Student: 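What follows is a single structure, and I will ask about it in a moment.
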Amino acid sequence: MKKSKIINLPKILDRRGNLSFIEAENHIPFDIKRTYWIYDVPGGETRGGHAYKENEEFIVALSGSFDVVLDDGKERKVYSLNRSYYGLYVPKLYWREMENFSTNSLALVLSSTEYSESDYIRDYNLFIQLLNRND
Ligand code: TYD
């Protein structure tokens, strides 16, 4: 099973303002099929609460901060994202929650597949069963 990890992105420092970028398969380990973003999250709200069977993602806090909680069925890790020059690689089959969104935070998510509801596992017990079957 692939591991989740923080990936640092290129950072072009400039007194006019800094610039970072992402090239599919160069900076992140998949080809980008979809991009979405999460914004206007009310204080105290939690997003996520699912895993994907196939989809892989890369999450960047373009603005503000939030935590991504990842669970691979054995271990739970909390990643705090608060800079736009790094992001979190989330392989398939990780249960994830996103929480502690700061006011005006903006989460950019790059995905390896097009949106498909049938790729979601939204029941934690089913997620654990599926992992046990794959072992
Ligand atoms: P969901 O992935 O559950 O949101 P989050 O993980 O951030 O809590 O998606 C919320 C809703 O938006 C759900 O009804 C599916 C829809 N959606 C799309 O139509 N296309 C997309 O690319 C995504 C990510 C979600």
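If you read the sequence from its start, that first residue is 1, and numbering goes on from there. Counting starts at 1 for both ligands and their atoms, in listed order. This is a predicted model, so every value here is computed, not measured.
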Student: Check the angle between the aromatic planes of Phe127 and Trp95 and answer parallel, tilted or perpendicular using the 30° and 60° thresholds.
Tutor: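 Geometry flag for Trp95 against Phe127: tilted rings.
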Student: Does a side-chain N-to-carboxylate-O contact under 4.0 Å join Lys92 and Glu54?
Tutor: yes
Student: For Ser4 versus Tyr94, what's the shortest heavy-atom pair and its separation?
Tutor: N-OH, 3.3 Å
Student: N or O contacts of ligand 1 with protein under 3.5 Å, please list pair by pair.
Tutor:
| from | atom 1 | to | atom 2 | distance (Å) |
| --- | --- | --- | --- | --- |
| ligand 1 | 2 (O) | Tyr120 | OH | 2.5 |
| ligand 1 | 3 (O) | Arg122 | NH1 | 3.0 |
| ligand 1 | 3 (O) | Arg122 | NH2 | 3.1 |
| ligand 1 | 4 (O) | Arg47 | NH2 | 3.1 |
| ligand 1 | 6 (O) | Gly48 | N | 3.4 |
| ligand 1 | 6 (O) | His50 | NE2 | 2.5 |
| ligand 1 | 7 (O) | Arg47 | NE | 3.1 |
| ligand 1 | 7 (O) | Arg47 | NH2 | 3.1 |
| ligand 1 | 8 (O) | Arg47 | NE | 3.1 |
| ligand 1 | 8 (O) | Arg47 | NH2 | 3.4 |
| ligand 1 | 8 (O) | Gly48 | N | 2.8 |
| ligand 1 | 22 (O) | Arg34 | NH1 | 2.5 |

Student: In the structure I gave you, are the side-chain heavy atoms of Ile6 and Leu81 within less than 4.5 Å of one another anywhere?
Tutor: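 Ile6 vs Leu81: side chains touch.
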Student: So, applying side chain to side chain contact (heavy atoms under 4.5 Å, CB included) with Phe58, which one of Leu9, Leu88, Leu108 is it?
Tutor: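 Testing each of Leu9, Leu88, Leu108 against Phe58, the sole residue satisfying side chain to side chain contact (heavy atoms under 4.5 Å, CB included) is Leu9.
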Student: Restricting to non-hydrogen atoms, name the atom on Ser84 and the atom on Leu62 that form the minimum distance, rounded to 0.1 Å.
Tutor: CB-O, 3.8 Å
